[in-house]
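A quick write-up on the structure given underneath.
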Amino acid sequence: MLVDYSLKMPKNIFAGEHALEQLETILSKDMKKVVIFTDKGILGAGLIEIPKQILESKGIDYSIISEIPAEPNYHQAQEMIDQFKKENADFIIAVGGGSVMDVAKLASILATDAYTVKDLLDDPLLAKKQVTTLMIPTTAGTGSEATPNSIVAIPEKELKVGIVNPEMIADFVILDGRLIKKLPKPIAAATGVDALCHAIECFTSTKANPISNTFALEALDLIMNNIIEACTNPEALEAKNNMLLGSFYAGVAITSSGTTAVHALSYPLGGKYHIAHGVSNAILLTPVMRFNEPAIKENLAKAYDRVVRGGNPDLSVDEKSKYMITEFERIVELLEIPTSLKKFNVPESELEVLVEAGMQVTRLLVNNMREVTPDDARKIYLEVL
Ligand SMILES: NC(=O)c1ccc[n+]([C@@H]2O[C@H](COP(=O)([O-])OP(=O)(O)OC[C@H]3O[C@@H](n4cnc5c(N)ncnc54)[C@H](O)[C@@H]3O)[C@@H](O)[C@H]2O)c1
Ligand SMILES: [Zn+2]
């Protein structure tokens, strides 16, 4: 039986080779104050130069908040938001990866003193949009530019959590491949596999539906057929534009469906060991897909038919599904992303801590088509320890 499903999306999306120049048409002279959220890496890569020039040419007052740390905890996010509140801004531009966009999205609903990030950890729906937002992703990526989610770490609990509030969905999005041109390969690879996980998890989620499947499959197609070229060839602008589009579509799929056990079991690795989000997902992708295979092989076979160029339609469901999982594994290896936790000095004695923390991420575990018991989680973590 078909369950109810819905989709909320950013209202205005600009994409393509010179999409960034569209900022000119988005900005209005009536704007009193614009705040650019970004971080040091993006500043260093010169990625806010064009937005700055356009703001200056239009004579719009702006300031820059650039101290956002990678994968911030909720205290750090609050510090940035407190700084932002002093500016009395009426427009936010986020130029950055998921870390920057997530803080900017929180700022857009926490611009008054009514609530704090901590309040939203208890009740994410408390706050309403106060400031219009434009998201310009520089990784491809988290898809945060499409989602109502903001992920923060809770250091006291050594966990990361997702604050989900539809009011955080961006008003404007710009997808421009030039912004990921100089992305260092390890970051391009890990963030690209994060987008791949979003697509395949949403397509194999209990919440999957006709709308999310449309976006998830197109995302998977774009990502699997462009990720290697985009990450290894600095000049491959078409592949990079395709990756940005794919990660955006995967974000849209998240909004209507949801990620599953890869993301659920990955959260403690970020929360406790500070392993980058994309890397921890890449480590868990193949083991979780193998575990899920009995419940998702029909979906994997459909994905094969859609994404494998020159594939053999006569293969059995089992063969197609195995091919897809092997392909995920091959992509992670080709991109030289770690496939185990050994590199991160996670001792085997931590196994029970990981199992307990992973099993707490029920928000995503309920989306997994095969039930994950503590014993299953233990076996999956053991495979990668
Ligand atoms: N809100 C969502 O829907 C959602 C979804 C998935 C993940 N996330 C969260 O997003 C965060 C991760 O975001 P991310 O993977 O995009 O990485 P990130 O934003 O943490 O950036 C990683 C590093 O890459 C650098 N960088 C980014 N773009 C660059 C560029 N174009 N050139 C040079 N350097 C660049 C940054 O300076 C930073 O040092 C995590 O906190 C994760 O939990 C959010
Ligand atoms: Zn993710």
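For the single chain, residues carry numbers from 1 onward in sequence order. Reckoned from all heavy atoms, side chains included, excluding hydrogens, waters and symmetry mates. Remember, it's 1-based here, ligands and their atoms both numbered in the order they're listed.
Here 4 is the count of protein N, O or S atoms positioned under 2.8 Å from the Zn ion (ligand 2), waters not counted.
In summary, R370 and E293 do not engage in a salt bridge, as defined by a charged side-chain N under 4.0 Å from a carboxylate O. Between R290 and E383, no side-chain nitrogen of the basic residue sits less than 4.0 Å from a carboxylate oxygen of the acidic one, so the salt-bridge criterion is not met. Between K320 and D305, at least one side-chain N (NZ, or NE/NH1/NH2) sits under 4.0 Å from a carboxylate O, which counts as a salt bridge. Classification of K40 and E67 as a salt-bridged pair holds, one side-chain N sitting under 4.0 Å from a carboxylate O.
Using cut-offs of 30° and 60° on the angle between ring planes, the pair H277 and Y267 is perpendicular.
Residue V100 has no nitrogen or oxygen atom sitting less than 3.5 Å from a nitrogen or oxygen atom of ligand 1, judged on distance alone. At a 3.5 angstrom cut-off on N or O pairs, A70 does not count as close to ligand 1. For the pair D102 and ligand 1, the shortest N or O to N or O distance falls below 3.5 Å. For a threshold of 3.5 Å applied to N or O pairs, the pair formed by D194 and ligand 1 contains no separation below that value. In terms of N/O distances under 3.5 Å, ligand 1 is approached by N149.
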Intermediate values then yes/no, ring pair (Phe, Tyr, Trp, His ring centres under 6.0 Å), Y273 and F344: CA-CA 8 Å; Y273 297 101; F344 301 96; 9.1 Å; no
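In this structure, atom 1 (N) of ligand 1 has protein heavy atoms in its sub-4.0 angstrom surroundings.
Across the listed options K40, E71, K160, E71 owns the non-hydrogen atom lying nearest to atom 12 (C) of ligand 1. Considering V161, L183, T147 only, the shortest heavy-atom separation from atom 26 (N) of ligand 1 involves L183.
Nearest protein heavy-atom neighbour of atom 13 (O) of ligand 1: G98 N, 3.1 Å. Of the protein's non-hydrogen atoms, the one nearest atom 20 (O) of ligand 1 is S99 OG, 2.6 Å. With respect to atom 25 (C) of ligand 1, the closest heavy atom belonging to the protein is I187 CD1, 4.0 Å. Scanning the protein for heavy atoms near atom 28 (N) of ligand 1, the closest one is T138 OG1, 2.8 Å. Looking only at protein heavy atoms, the nearest one to atom 5 (C) of ligand 1 is T142 O, 3.4 Å.
Within ligand 1, counting atoms from 1 as listed, the ones closer than 4.0 Å to a heavy atom of G41 are 37 (O). Interface atoms of ligand 1 facing L47, defined by a heavy-atom separation under 4.0 Å, are 30 (C), 31 (N). Within ligand 1, counting atoms from 1 as listed, the ones closer than 4.0 Å to a heavy atom of I151 are 4 (C), 8 (N), 9 (C), 43 (O), 44 (C). Interface atoms of ligand 1 facing L179, defined by a heavy-atom separation under 4.0 Å, are 31 (N). Residue contact check: D39 has heavy atoms under 4.0 Å from atoms 36 (C), 37 (O), 38 (C) of ligand 1. Less than 4.0 angstrom separates some heavy atom of T191 from each of these atoms of ligand 1: 14 (P), 15 (O).
For the residue pair T191/D194, the side-chain donor-acceptor check at 3.5 Å is not satisfied.
Judged purely by atom type and a 3.5 angstrom limit, T139 has no side-chain atom pairing as donor or acceptor with the backbone of G141. Judged by distance alone, with hydrogens and angles left aside, the side-chain atoms of E145 form no donor-acceptor pair with the main-chain N or O of P137 at under 3.5 Å. For the pair K105 (side chain) and T133 (backbone), a donor-acceptor distance under 3.5 Å is absent. Remark: the backbone N or O of A253 is not paired with any side-chain donor or acceptor of S212 at under 3.5 angstrom. Within the 3.5 Å criterion, the main-chain N or O of A261 finds a donor-acceptor partner in the side chain of N368.
Legend: residues meeting side-chain contact (heavy atoms from CB on, under 4.5 Å) with H75, ordered by chain and number and at least two apart, are N73, P155, E156. The side-chain hydrogen bond (donor to acceptor under 3.5 Å, both in side chains) check on E24 picks up nothing, with sequence neighbours excluded.
Under a 4.0 Å heavy-atom criterion, P184 is in contact with ligand 1. Put simply, part of H198 is less than 4.0 Å from ligand 1, judged by heavy atoms.
The list of ring pair (Phe, Tyr, Trp, His ring centres under 6.0 Å) pairs with a residue in residues 282-337, not counting sequence neighbours, reads Y304-Y323.
For F84 and F37, the ring centers sit closer than 6.0 Å to each other.
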